[in-house]
Structures are given as structure tokens and as C-alpha cells.
Amino acid sequence: MTSFTFTLQPFEVRTGSRTFHRFGLRGEAGPFGQVEVEYPVVRDDDTDLFRAEVRGERVPTAGLTGRAYSYLPSLGSATLDVEGRPVALRRNWWALTRRARALHLDTGTDRYTYTAVGTGKDFELRRAEAGILLRHRGWTRKRTTVEGRASGPVNAVDVALAVLLEGVDTRNLTFSKAVRWGPFRVMYTLS
């Protein structure tokens with residue numbers, strides 16, 4: 001695939017009380033058609049796990065289940081799958097640099113790196129020569145427009161993973177945000 005740009009707009013699904021509302025992003029991802037990430041599509045209050053899922057016209061269904069943080073699943077205790085096949089996740093919680101703190105994904109056939117860039121609110125997913133840069137335009141996560149720029153031989157799995165990770169709390173991929181939000185996460189999990 002050649003390079004293309006796309007925009008994901010926020011949406012909210014109101015069902016019952018505010019506690020059970022769902023959020024997400026949707027847009028037209030170039031040659032891959034309409035894509036959408038929604039969170040939390042599944043919430044298990046007994047285990048404190050939430051799930052985010054991505055769906056689209058020409059992308060595989062993928063999901064990430066992780067420890068609940070606000071309405072988002074986090075990378076804590078996370079499991080990821082693409083079309084039901086597990087994807088291995090790995091990252092160094094104690095690293096100081098962004099490159100060392102990056103999230104590494106292994107589908108069995110491809111390896112990815114998901115790294116915070118710029119001020120730490122933008123992210124890039126890389127696989128070999130392919131990459132998708134995601135820039136956030138706005139202050140609050142639930143109302144933020146995301147602008148994507150794909151470059152290189154991007155495939156449907158690349159798009160699915162990049163869009164899926166927009167529905168996941170990835171603040172801890174920068175050391176400064178991990179330190180700043182750490183006390184709030186501890187209080188949230190104790191409540």
C-alpha cells in the first residue's frame with residue numbers, strides 16, 4: 001500500500017446509566033475503509049478487566065483486554081488477539097527512555113513496536129518498513145480527534161492494531177507520565 005492519511009472522530013454510545021456508556025473513535029482509513037474502535041465493549045467488574053475492540057470493512061477484528069482504568073482498558077494484565085489468535089505483548093516497566101519503554105507486539109508472523117513520540121500524547125506503530133503515526137488533536141481523550149498518517153507497505157493488521165491501541169490507556173509508555181499518573185492509578189485500584 002502507498003501512503004495515506006485518515007482522521008478518527010470520537011463518538012459515545014449511551015446505554016443506561018453513565019457508568020455503562022461506551023466510547024470510541026471511527027473514521028475512513030484510506031483503502032481499508034471504515035474502521036472503529038470501541039471501549040469498553042466488555043466490562044467484568046468482578047475481575048476489574050475491560051475490553052476494547054476494533055472492527056472495520058477491510059481490517060481484521062482485534063481486541064485488547066486489560067485492567068480497567070476509567071473507561072479504558074490499560075496495559076496492566078493485558079491480553080491482545082487478532083481474529084481470535086493471541087498476540088504476545090512485552091514492555092519494560094522500569095525503563096527510563098521512550099524507546100526502552102515501547103510496547104512490543106509479536107503476532108507470530110510480524111513484530112511491531114508502539115512508541116510514544118513528540119510530547120508523549122502522539123504514538124507510532126512500526127513494522128519493518130511500514131509505520132502509522134497517530135496525532136491527537138484536543139485535550140480530553142474522550143473528545144479528541146486523531147489524525148493518522150500511514151507510510152510504507154501498510155497492511156490491514158497494521159491498521160487494526162494502530163486503531164485498537166487508540167482505545168487503550170497507554171500513558172505509561174513515557175516515564176514522566178508513568179510517574180505523574182502512578183499515584184492516581186494506585187488510588188483508583190484501591191477504591
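We use all heavy atoms of the structure for the numbers below, so side chains are in, but hydrogens, waters and symmetry mates are not.
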Determine whether more than 12 heavy atoms belonging to other residues, nucleotides or ligands lie under 6.0 Å from atom CZ of R58. yes
Regarding E147 and R149, does a basic nitrogen lie under 4.0 Å from an acidic carboxylate oxygen? no
Go through the structure and list residues passing ring-ring contact (aromatic ring centres under 6.0 Å, His included) with Y114, not counting sequence neighbours. F123
Any side-chain heavy atom of V157 within less than 4.5 Å of one from V159? no
Side-chain donor-acceptor pairs of residues 22-37 under 3.5 Å, sequence neighbours excluded:
from : atom 1 : to  : atom 2 : distance (Å)
R22  : NE     : E38 : OE2    : 2.3
R22  : NH2    : E38 : OE2    : 3.0
R26  : NE     : E36 : OE1    : 2.9
R26  : NH2    : E36 : OE1    : 3.1
E36  : OE2    : R55 : NH2    : 3.4

Exercise: identify the closest heavy-atom pair between T113 and A102: CG2-CB, 3.7 Å
Do H136 and E166 have a side chain donor and acceptor closer than 3.5 Å? yes
Flag the pair L105 / L89 as yes when at least one side-chain heavy-atom distance between them is below 4.5 Å, and no otherwise. yes
Are D44 and T47 linked by a side-chain donor-acceptor pair shorter than 3.5 Å? yes
Which atoms form the tightest heavy-atom contact between S3 and S151, and what is the distance? OG-CA, 3.5 Å
F50 side chain near L64 side chain, heavy-atom distance below 4.5 Å: no
Side chains of D106 and V87 in contact at under 4.5 Å (non-hydrogen atoms): no
Remaining members of hydrophobic cluster (4.5 Å side-chain criterion), L49: none
Using 0.5 Å steps for rounding, measure from the OG1 atom of T65 to the CG atom of L80. 8.5 Å
Tightest non-hydrogen contact, residues A160 and V59, listed as CB-CB, 4.2 Å
Return the minimal non-hydrogen interatomic distance between A52 and Y39, and the atom names on each side. CB-CB, 3.9 Å
Excluding sequence neighbours, so at least two apart, what forms side-chain contact (heavy atoms from CB on, under 4.5 Å) with R135? D122, L133, R137
Is any side-chain heavy atom of L103 closer than 4.5 Å to one of Y112? no
Check whether H21 reaches the backbone of V13 with its side chain - one donor and one acceptor, N or O, closer than 3.5 Å. no
Side chain proximity check, T7 to Q9, heavy atoms < 4.5 angstrom: yes
Answer whether the closest heavy-atom distance between the side chains of L161 and V82 falls below 4.5 Å. yes
Only counting residues at least two apart or in another chain, list the ones meeting side-chain contact (heavy atoms from CB on, under 4.5 Å) with A130. R127, P153, V154, D158
Measure the CG-CZ distance between L75 and R91 for me, rounded to the nearest 0.5 Å. 5.0 Å
With sequence neighbours left out, which residue pairs that include part of residues 76-88 fulfil the side chain to side chain donor-acceptor pair (under 3.5 Å) condition? R51-D81, R67-S77
Would you please test I132 and F4 for side-chain contact (heavy atoms from CB on, under 4.5 Å) and show each step? CA-CA 10 Å; I132 300 176; F4 62 93; 5.9 Å; no
